[in-house]
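All values derive from a computational prediction rather than experimental measurement. Atoms considered below: every heavy atom in the structure, side chains included; atoms not considered: hydrogens, waters and symmetry mates. Order of the sequence lines fixes the chain letters, A, B, ..., with proteins taken first and strands second; residue numbering starts at 1 for each chain.
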Amino acid sequence: MANADLFDPTLIKREIDPRFGEIKGVKVGTLFDNRKACAAKGVHSKPMAGISGTVKEGAFSIVLASGYKDDKDEGETFIYTGTGGQEDSFSGGGPQVEDQTFDHPDNAALKKSVETKRPVRVIRGPNRDSKYAPAKGYRYDGLYIVEDAYMGKSKDGYQICQYHLRRLPDLPPLPLNPDYRGSD
DNA sequence: GGGCCCGCAGGG
DNA sequence: CCCTGCGGGCCC
């Protein structure tokens with residue numbers, strides 16, 4: 001593959017771990033009805049959690065949806081917020097009520113991806129605050145590199161884990177969100 | 001439309 | 001095994 005130089009050569013077992021990288025038969029732009037459908041195709045196997053991966057090998061995939069107001073989606077790049085510290089994790093949302101930390105296994109996994117440089121599958125869910133989110137369902141938007149991970153401050157004043165993601169070059173353009181409610 | 005509460009995959 | 005999580009359906 002053309003992006004081979006982006007991978008850490010010591011982590012070549014990407015070739016034997018089917019959880020990383022493109023999923024056979026799932027094209028960039030594929031739309032899924034719900035999270036269960038994403039899981040069924042192996043695009044993102046967790047029913048609710050936004051980050052799928054391991055602490056040792058890094059993240060396989062992440063879901064960008066509403067629920068974390070500190071995300072900033074610019075399409076080819078975006079800022080993602082880690083998991084944890086929310087008021088009601090079951091209802092999937094609410095303000096931060098405590099600090100996030102990279103000790104959380106999911107946050108640690110995504111941080112690990114900065115080191116490994118292994119691209120992560122990105123799935124966008126409905127989010128009226130994102131210019132690039134699908135109006136409905138969950139869309140596979142291709143592979144992104146996690147360029148950076150650092151602690152930041154949420155709008156609620158708590159410490160949060162944040163990540164800079166950048167899309168691999170030469171992927172199909174991202175569709176615009178018809179329901180976007182932002183100004184730009 | 002909002003509040004509520006259900007299951008389940010999988011990593012550690 | 002155990003616990004958690006950027007859903008989702010249902011009821012009002």
Side-chain angles (χ1 to χ4, degrees), chain A residues 11 13-14 16-21 23 26 31-75 77-113 115-116 118 120-142 144 146 149 152 154-156 158-165 174 177 179-182:
Chain A
L11 291 167
K13 67 181 154 187
R14 173 182 184 280
I16 61 169
D17 192 331
R19 294 175 297 181
F20 283 102
I23 301 296
V26 179
L31 198 58
F32 299 92
D33 285 347
N34 48 43
R35 291 288 297 267
K36 204 193 269 181
C38 295
K41 284 287 182 184
V43 175
H44 188 81
S45 58
K46 302 237 181 188
M48 308 174 85
I51 302 170
S52 173
T54 73
V55 174
K56 291 171 86 77
E57 300 199 72
F60 315 134
S61 54
I62 64 174
V63 176
L64 263 127
S66 53
Y68 286 83
K69 299 301 286 175
D70 299 288
D71 288 358
K72 192 155 141 267
D73 191 1
E74 294 177 352
T77 64
F78 61 86
I79 294 173
Y80 190 73
T81 307
T83 191
Q86 284 200 133
E87 182 178 50
D88 183 3
S89 60
F90 246 138
S91 314
Q96 294 299 126
V97 290
E98 62 181 39
D99 292 343
Q100 293 183 353
T101 150
F102 287 117
D103 292 338
H104 188 295
D106 288 348
N107 292 341
L110 194 52
K111 185 173 165 43
K112 183 73 178 180
S113 296
E115 299 170 34
T116 67
R118 276 179 175 173
V120 170
R121 285 185 301 277
V122 168
I123 297 96
R124 279 186 174 81
N127 181 0
R128 294 188 58 204
D129 293 320
S130 164
K131 239 167 135 174
Y132 305 96
K136 184 173 172 296
Y138 291 80
R139 191 184 63 223
Y140 171 56
D141 280 340
Y144 284 66
V146 189
S154 74
K155 289 173 182 165
D156 304 307
Y158 290 91
Q159 292 290 112
I160 52 173
C161 301
Q162 295 198 292
Y163 306 87
H164 280 189
L165 282 278
L174 295 166
N177 180 5
D179 293 339
Y180 179 55
R181 62 180 166 193

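Across the protein-nucleic acid pair, Arg128(A) atom CZ and dG1(B) atom P stand 9 Å apart, rounded to whole Å. Atom-to-atom, CG of Asp179(A) to C1' of dG1(B) comes out at 16 Å; the value is rounded to the nearest Å. Separating the CG atom of Asp103(A) from the P atom of dG12(B) is a distance of 13 Å, rounded to the nearest angstrom. Whole-Å rounding puts the Lys136(A) NZ to dG8(C) P distance at 10 Å. Here dG7(C) presents its P atom at 5 Å from CZ of Arg35(A), a figure rounded to the nearest Å. When the P atom of dC8(B) is taken as reference, atom CE of Met48(A) falls 12 Å away, rounded to whole Å. The NE2-C1' distance, from His104(A) to dG10(B), rounds to 13 Å in whole Å. Summarising the geometry, the separation between CG on Leu110(A) and C1' on dG5(C) is reported as 15 Å, rounded to the nearest angstrom.
Comparing dG7(C), dG10(B), dG12(B) against the side chain of Pro105(A) picks out dG12(B) as the nearest. Of the listed nucleotides (dC6(C), dG11(B), dG5(C)), dG11(B) has the atom at the smallest distance from the side chain of Lys46(A). Side-chain atoms of Val55(A) lie closest to dG12(B) of the nucleotides dG12(B), dC6(C), dG11(B). Distance from the side chain of Asn34(A) is smallest to dG9(C) among dC8(B), dC6(C), dG9(C). Nearest to the side chain of Phe60(A), among dG5(C), dG11(B), dG7(C), sits dG11(B). Here dG12(B) is the nucleotide among dG12(B), dC6(C), dT4(C) with the atom lying nearest to any side-chain atom of Thr54(A).
In this structure, Tyr80(A) forms an aromatic stack with the base of dC6(C), since both conditions hold: centre separation below 5.5 Å and plane angle below 30°.
Atom CG of Asp17(A) sits about 6.5 Å away from atom CZ of Arg118(A), to the nearest 0.5 Å. Separating the NZ atom in Lys56(A) from the OG1 atom in Thr116(A) is a distance of 13.5 Å, to the nearest 0.5 Å.
For dC6(C), neither phosphate oxygen OP1 nor OP2 lies less than 4.0 angstrom from any side-chain nitrogen or oxygen of Arg124(A). For the pair Tyr138(A) and dC6(C), the criterion of a side-chain N or O lying under 4.0 Å from OP1 or OP2 is not met. In this structure, Ser66(A) does not reach the dC6(C) phosphate: none of its side-chain N or O atoms is under 4.0 Å from OP1 or OP2. In terms of phosphate contacts, His44(A) brings no side-chain nitrogen or oxygen within less than 4.0 Å of OP1 or OP2 of dA9(B).
No hydrogens or angles were tested; on distance alone, nothing pairs the side chain of Asn127(A) with the base of dC6(C) as donor and acceptor under 3.5 Å.
We find that Asp129(A) and Lys69(A) are joined by a salt bridge, their nearest charged nitrogen and carboxylate oxygen being less than 4.0 Å apart.
Between Tyr163(A) and Tyr80(A), the ring planes are tilted. Angles from 30° to 60° get that label.
Checked against the 6.0 Å centroid threshold, Tyr132(A) and Phe78(A) do not count as a close aromatic pair.
Evaluation of the side chain to side chain contact (heavy atoms under 4.5 Å, CB included) rule for Glu98(A) yields no partner, not counting sequence neighbours. Remark: Val55(A) engages Pro105(A), Ala108(A) in a side chain to side chain contact (heavy atoms under 4.5 Å, CB included) (not counting sequence neighbours).
If you check every strand for non-hydrogen atoms under 4.0 Å, Ser52(A) touches nothing. Within 4.0 Å (heavy atoms only), Asp106(A) reaches no atom of the nucleic acid at all.
Nearest approach of Ile51(A) to His44(A), heavy atoms of both residues: C-CE1, 3.9 Å.
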Under the rule of Watson-Crick or G-U wobble with both distances under 3.5 Å, where | means paired to another strand and [ ] a crossing pair, DNA chain B maps to ||||||.|||||
